[in-house]
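Below is one structure, written out as structure tokens; the observations come after it.
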Amino acid sequence: MRAQLARVDAVLVQAVIAAALSFAHLHDLAVAAGQDGWKAWAYPVSVDLLMVAAWRRLRSGQSKTVAWCWFVIALAASLGANVATAGLLDMNDVPAWLRITVAGWPALAFLGGTLLAHTPDPKPPPVEPPDPPPPTAVPAALVEHARKVATAHRARTGHAPDAATLRARLGVPQPMADAIATRLREERSP
């Protein structure tokens, strides 16, 4: 138990360090791209929240394609900021395409988060039932009573009772009423 706890703690520490550094890189990139103050801090929050939402959807086993798509987009944003701020980008002269990307990120993150949170899961294809269930056994005395009920119903209404009527009149479960109705129909047919 202690070894497992130590392993979890090490992973947690590593995750906190990686998140803090990535958070700082995203912030610095947003500042370099012309966003300042609270806006620069909102960028790393939106990237991390999108990544967490995608990860949660992946772990739930629902709509994995959508989740992987948004996880990769958020991961690319995070990795891109880490690489860009590692000295590969002149932070005093950010290219226009990167300014546009940073400016468009909030709408993209909102779209991704909304799709992850509100896309219903695809319904599984209907499963064909294997073999049909065996016919319900109906006691002979109940069939005889059902014949009398059916005769009385036919005399009153002019037509044979359906399974729902038999169920109500006989007080039996639906599968048994279906079996009785089928049997009475077979007896009436030549």
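Since we're looking at a predicted model, the values are computed, not measured.
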Check: So do His27 and Tyr43 actually touch side chain to side chain, heavy atoms under 4.5 Å?
Finding: no
Notebook entry, point to check: Among all residues two or more places apart in sequence or in another chain, which pass the side chain to side chain donor-acceptor pair (under 3.5 Å) test with Asp28?
Noted result: none
Checklist line | Side-chain heavy-atom pair Leu89, Thr85 within 4.5 angstrom cut-off | finding: no
Next item on the list: Would you please name every residue forming a ring pair (Phe, Tyr, Trp, His ring centres under 6.0 Å) with His153, sequence neighbours left out?
Entry: His159
Notebook entry, point to check: With sequence neighbours left out, what residues match Gln14 under side chain to side chain donor-acceptor pair (under 3.5 Å)?
Noted result: none
Note to self: Applying salt bridge (Lys or Arg N to Asp or Glu O under 4.0 Å) as the test, list every pair that has at least one member in residues 138-152; sequence neighbours left out.
What the structure shows: Glu144-Arg147, Arg147-Glu187
Margin query: Taking Ile73 as the starting point, is it possible to reach Leu79 by hopping between hydrophobic residues whose side chains are less than 4.5 Å apart?
Written below: no
Next item on the list: With sequence neighbours excluded, tell me which residues meet side chain to side chain donor-acceptor pair (under 3.5 Å) with Thr182.
Entry: Arg185
Next item on the list: Sequence neighbours left out, what passes side-chain contact (heavy atoms from CB on, under 4.5 Å) with Leu49? Give chain and number order.
Entry: Val45
Notebook entry, point to check: Heavy-atom distance under 4.5 Å between the side chains of Val66 and Arg57, does that happen here?
Noted result: no
Item checked: Listed partners of Leu115 passing side-chain contact (heavy atoms from CB on, under 4.5 Å), at least two apart -> Trp70, Leu111, Thr119
Margin query: Which heavy atom of Leu50 sits nearest to which heavy atom of Gly113, and what is that distance?
Written below: CD1-N, 3.6 Å
Margin query: Are Val13 and Leu21 connected into the same hydrophobic cluster when the rule is that any two of I, L, V, M, F, W, Y join if their side-chain heavy atoms are below 4.5 Å apart?
Written below: yes
Note to self: Hydrophobic clustering (ILVMFWY, side-chain heavy atoms < 4.5 Å, transitive) - are Leu98 and Val47 grouped together?
What the structure shows: yes
Checklist line | For Ser22, all residues meeting side-chain contact (heavy atoms from CB on, under 4.5 Å), sequence neighbours excluded | finding: Leu26, Ser78, Asn82
Next item on the list: Please name the pair of heavy atoms, one in Arg183 and one in Val143, separated by the smallest distance, quoted to 0.1 Å.
Entry: NH1-CG2, 3.5 Å
Margin query: List the residues meeting side-chain contact (heavy atoms from CB on, under 4.5 Å) with Ala160, not counting sequence neighbours, and say none if there are none.
Written below: Arg154, Arg188
Next item on the list: State plainly whether one hydrophobic cluster holds both Trp97 and Leu29, where clusters connect Ile, Leu, Val, Met, Phe, Trp and Tyr through side-chain heavy atoms under 4.5 angstrom apart.
Entry: yes
Checklist line | Residues that His118 engages under ring pair (Phe, Tyr, Trp, His ring centres under 6.0 Å), provided they are two or more places apart | finding: none
Notebook entry, point to check: Which heavy atom in Ala67 sits nearest to a heavy atom in Ala54, and how many Å separate them?
Noted result: O-CB, 3.5 Å
Checklist line | Nearest heavy-atom neighbours spanning Ala150 and Leu184 | finding: CB-CD1, 4.0 Å
Notebook entry, point to check: Does the pair Asp162 and Thr165 meet the rule for a side-chain contact (heavy atoms from CB on, under 4.5 Å), with working shown?
Noted result: CA-CA 5 Å; Asp162 60 2; Thr165 303; 2.6 Å; yes
Notebook entry, point to check: From Trp55 CH2 over to Leu116 CG, what is the distance, rounded to the nearest 0.5 angstrom?
Noted result: 13.5 Å
Under 3.5 Å, which donor-acceptor pairs do the side chains of residues 172-180 form with other protein atoms, sequence neighbours left out?
from   : atom 1 : to     : atom 2 : distance (Å)
Gln174 : NE2    : Asp178 : OD1    : 2.9

Checklist line | Student check: side-chain heavy atoms of Leu108 and Thr101 closer than 4.5 Å | finding: no
Notebook entry, point to check: Linking Ile, Leu, Val, Met, Phe, Trp and Tyr by side-chain heavy atoms under 4.5 Å, what else ends up with Ile100?
Noted result: none
Margin query: To check you understand the geometry: which heavy-atom pair defines the closest contact between Val94 and Arg99, and what is its length?
Written below: O-NE, 3.5 Å
